[in-house]
Amino acid sequence: MKKICVVTGTRAEYGLLYWTLKELKEEPSINLQLCVTGMHLSPEFGNTYKQIEKDGFQIDKKVEVLLSSDSSVGVSKSIGLGVISFSEAFAELKPDLILILGDRFEIFAAATAAMISKIPIAHCHGGEATEGLIDEPIRHSITKMSHVHFTATEEYSRRVMQLGEQPANVHNVGALGIENINRLKLLDKQSFEESIDFKLGKKNVLVTFHPVTLENATAEHQFKDLLRALDELEETHIIFTKPNADTDGRVIIHLIDEYVKAHANKSIAFISLGQLRYLSALQHVDVVAGNSSSGLIEVPSFRIPTIDIGDRQRGRIKASSVISCDPDYSSIKEAFEKAYSTGFTASLREMKNPYGEKNASKEIVKVLKETDIENLLKKKFFDLK
């Protein structure tokens, strides 16, 4: 049996990996190992490892890496601690291959430890661009440390090959989040309201805003401008999901808490909605606003507008439902006006999501099952002609 170790560090990333984990668990030729790290183990971010256990997965190793700091120094120290801790975890678990997703710093630490330990790496969602984030160089670095690649679009596959990866090892399986939309039975309006203990309004906005990590201390004034624009929307209720453990994330968390405290009749905030409630929310809100990748990848499948604020997602493929704007009050206000305009909403009825409609998990497991792991480590650089 192949021992495949999946590493997850955030609620969002686990939600994307959920169906792949189920398929790996049920595949007789694969022994699934699970390493949980990062925000999953933090009370501040909801101890979301409990949801993983509730879903029926055995956690083989809890890898503590997250320091109680969202400064650049704190994140750098967390990476160092992560490399040490993952090296020890992999030495104990002895996986034949690790499967990771995305571009966060704890995943970078896991990839570094695996590379040095001569453990092949399979990576999901490589080849993408987020030019406002440290995630951008981290993602491409992980691509170069990885041996098998699962991308979300053909363009991203070409970019991975442009980095020198062999085409035979690059597989366009579509965005993993689409599978949740296809396979989860989403909540109707009443059930959703009961699940969050909050009544939706005549109009509703879902907000997820993260710091732009390649900018210096911009989170506070950018988020205040967003709150100002939200405050001017009439008959509108607001659902906030709080940011990840990024530099300056606590600034945004504080502003959300203060806003909800002052506007308890029309707003509510969550550390984590979880995949079911989050995707169910997309059925019932009118607009998604902020700078989360979900606004570009999953939200277009619901044919509602996404207001993508600032540079965090600059460089990603965007559907016609995505309205990009500068991170200032007047630009955000103008974006909301466009999102609510009759002509714009009508244009979304026949729109297709550029990230596809297929389920990725079975294809990922099929590739991992059939891949000859013994011949992965010594990579040959692929030159574009």
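Computed from a predicted structure; not experimentally measured.
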Q) Run the side-chain contact (heavy atoms from CB on, under 4.5 Å) check on Thr48 and Met39 step by step: do they pass? A) CA-CA 7 Å; Thr48 46; Met39 292 192 295; 5.5 Å; no
Which atom pairs, donor and acceptor, lie under 3.5 Å between side-chain atoms of residues 316-325 and protein residues at least two apart or in another chain?
unit_1 : atom_1 : unit_2 : atom_2 : d
Arg316 : NE     : Gln313 : OE1    : 2.5
Arg316 : NH1    : Glu128 : OE1    : 2.1
Lys318 : NZ     : Asp308 : OD2    : 2.9
Lys318 : NZ     : Ser324 : OG     : 2.9

Q: Determine, for Lys338 against Glu334, whether the closest basic-nitrogen to carboxylate-oxygen distance falls under 4.0 angstrom.
A: no
(Q) Checking one residue: Leu227. Which other hydrophobic residues are in its cluster under the side-chain 4.5 Å linking rule? (A) Val205, Val207, Phe209, Phe223, Leu226, Leu230, Leu233, Ile238, Phe240, Val251, Ile252, Leu255, Ile256, Tyr259, Val260, Val287, Ile307, Ile309, Ile332, Phe336, Tyr340
Q) With a 4.5 Å heavy-atom cut-off, do Lys224 and Tyr329 have their side chains touching? A) no
Q) Does Lys369 pair with Glu27 as a salt bridge, N-O distance under 4.0 Å? A) yes
Q) Mind checking whether Ile138 and Arg104 have side chains closer than 4.5 Å, heavy atoms only? A) no
Q. For Glu357, does the CD atom have more than 12 heavy-atom neighbours from other residues, nucleotides or ligands under 6.0 Å away?
A. no
Q) Taking the six-membered ring for Trp, are Phe57 and Tyr18 parallel (under 30°), tilted (30 to 60°) or perpendicular (over 60°)? A) perpendicular
Q: Decide whether Ser361 and Glu179 meet the rule of one side-chain donor and one side-chain acceptor closer than 3.5 Å.
A: yes
Q: Using a strict cut-off of less than 4.0 Å between a Lys/Arg side-chain nitrogen and an Asp/Glu carboxylate oxygen, indicate whether Lys22 and Asp55 qualify as a salt bridge.
A: no
List the atom pairs, donor and acceptor, that lie under 3.5 Å between side-chain atoms in residues 92-103 and the rest of the protein, sequence neighbours left out.
unit_1 : atom_1 : unit_2 : atom_2 : d
Glu92  : OE1    : Lys61  : NZ     : 2.7
Glu92  : OE2    : Lys61  : NZ     : 3.3
Lys94  : NZ     : Ala91  : O      : 2.9
Asp96  : OD2    : Lys3   : N      : 2.7
Asp103 : OD2    : Arg139 : NE     : 3.0
Asp103 : OD2    : Arg139 : NH2    : 2.7

